[in-house]
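Report on the following structure.
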Amino acid sequence: MANKNEYDFRKISVDDLILDDRNPRLPKNMFGASEDAIIDWMLSEAATLELMQAIGENDYFPGEQLLVVEEQSNTEKYRVIEGNRRLVAVKLLNNPEKTSSQVSKVNKVHSEANFFPEQIPCLIFSDKNEILKYLGFRHITGIKTWKLLSKARYLSQLKESNFSKKSIKDSSRDLAKMIGSRTDYIERLLVG
């Protein structure tokens, strides 16, 4: 493996990726929970269905690599430090039976999906702390969400380039599937 501040890029099978059971997004009482419990929690608390729908509609975007470290007990497996929600979405696209939560919604998204990624692009780090430094920027001080007007302009451009002949209502549904959002929210932004 690479030295500090170096990493290896590789596509890794979904089956070889392990969810982080110490993910800061999880409530403390779930630390150490099983994969199934984490999947169920992410479905109910982390807008994972919308992400599952977007990946199933558009495929996995290669620019959104998961950030992983080799699992200490098994060098064939990798623990996902950043990208657990994306991993849950892909795991459910491939195996919708992995959840006991929102089963009918998961099955509906699965049945409408066009893509079922079996490998995900990953950056493999030698030390979890290297990833944790980046996460502070990404989730606390970094990536700034767009204001409403910017979101509306973006959606308007997407509508014109992809669904120009469709009504606001129909294009809102298609745009929601495309970007992993809710139809009513997209429609409000387009109308506004």
Side-chain angles (χ1 to χ4, degrees), residues 11-14 17 19 23 25-26 38-67 80 82-123 134-135 137-192:
K11 281 190 162 189
I12 299 176
S13 169
V14 173
L17 294 168
L19 292 167
N23 184 330
R25 192 181 292 234
L26 296 172
I38 293 170
I39 288 172
D40 285 347
W41 185 87
M42 288 233 179
L43 269 172
S44 64
E45 300 293 331
T48 304
L49 265 177
E50 292 86 350
L51 182 56
M52 183 184 169
Q53 187 175 29
I55 294 170
E57 179 80 14
N58 303 298
D59 206 358
Y60 193 92
F61 180 62
E64 285 289 329
Q65 303 100 341
L66 303 181
L67 306 183
V80 175
E82 167 63 6
N84 283 273
R85 197 169 64 99
R86 284 173 272 150
L87 178 58
V88 167
V90 172
K91 282 183 178 275
L92 288 173
L93 280 168
N94 287 292
N95 297 302
E97 64 280 352
K98 288 187 87 53
T99 185
S100 59
S101 174
Q102 301 185 44
V103 173
S104 62
K105 290 179 181 178
V106 168
N107 286 333
K108 182 178 188 307
V109 171
H110 178 265
S111 70
E112 294 174 352
N114 298 314
F115 296 97
F116 306 88
E118 295 178 4
Q119 294 188 326
I120 300 178
C122 297
L123 288 176
Y134 164 73
L135 293 183
F137 171 75
R138 178 171 173 100
H139 293 295
I140 297 174
T141 60
I143 300 176
K144 187 173 178 175
T145 60
W146 289 345
K147 294 181 179 177
L148 287 176
L149 184 55
S150 299
K151 291 178 184 181
R153 285 181 183 142
Y154 163 75
L155 290 170
S156 180
Q157 290 174 6
L158 268 184
K159 180 191 179 315
E160 287 308 310
S161 63
N162 293 284
F163 310 109
S164 63
K165 296 189 185 326
K166 290 190 173 187
S167 70
I168 293 284
K169 188 166 203 64
D170 290 341
S171 60
S172 295
R173 183 180 57 250
D174 292 337
L175 286 168
K177 285 174 71 174
M178 179 184 280
I179 67 168
S181 188
R182 291 187 10 234
T183 301
D184 60 329
Y185 180 65
I186 299 298
E187 187 173 356
R188 281 196 316 268
L189 285 170
L190 283 174
V191 169

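These figures come from a predicted structure and were not determined experimentally. The first residue in the sequence is number 1, and the count goes up from there. Both backbone and side-chain heavy atoms feed into the values below; hydrogens, waters and symmetry mates do not.
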Side chains of [X] and [Y]: does their closest heavy-atom pair fall under 4.5 Å?
| X | Y | answer |
| --- | --- | --- |
| I179 | L155 | yes |
| D170 | R173 | yes |
| I38 | M42 | yes |
| V109 | L92 | no |
| I120 | I12 | no |
| L26 | W41 | yes |
| R25 | N23 | yes |
| V88 | T99 | no |

Considering all heavy atoms of both residues, which atom of [X] and which atom of [Y] are nearest to each other, and what is their separation?
| X | Y | result |
| --- | --- | --- |
| Q119 | V14 | N-CG2, 4.3 Å |
| L17 | C122 | CD2-SG, 4.0 Å |
| K151 | L189 | CB-CD1, 4.1 Å |
| V106 | P96 | CG1-CB, 3.7 Å |
| S171 | K159 | OG-CE, 3.3 Å |
| E57 | F115 | O-CE1, 3.4 Å |

Any donor-acceptor pair under 3.5 Å linking the side chain of [X] with the backbone of [Y]?
| X | Y | result |
| --- | --- | --- |
| T183 | A176 | no |
| S172 | I168 | yes |
| N58 | M178 | yes |
| D40 | S100 | yes |
| S164 | S161 | no |

Nearest 0.5 angstrom please: [X] [atom1] to [Y] [atom2], how far?
| X | Y | atom1 | atom2 | value |
| --- | --- | --- | --- | --- |
| F61 | I55 | CZ | CD1 | 12.0 Å |
| Q102 | K108 | CD | NZ | 13.5 Å |
| R86 | T48 | CZ | OG1 | 11.5 Å |
| K98 | K91 | NZ | NZ | 5.5 Å |
| E50 | R182 | CD | CZ | 7.5 Å |
| E82 | E64 | CD | CD | 8.5 Å |

Side chain to side chain contact (heavy atoms under 4.5 Å, CB included) between I39 and L19, intermediate numbers included: CA-CA 9 Å; I39 288 172; L19 292 167; 3.9 Å; yes

Under 3.5 Å side-chain donor-acceptor pair for Y60 and K11: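 No, no side-chain donor-acceptor contact under 3.5 Å.
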
Neighbour count >12 (heavy atoms, 6.0 Å) for atom CD, E45: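 Counting neighbours around CD of E45, more than 12 heavy atoms of other residues, nucleotides or ligands fall under 6.0 Å, so yes.
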
Neighbour count >12 (heavy atoms, 6.0 Å) for atom NZ, K105: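 Atom NZ in K105 is not packed in, count stays at 12 or less.
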
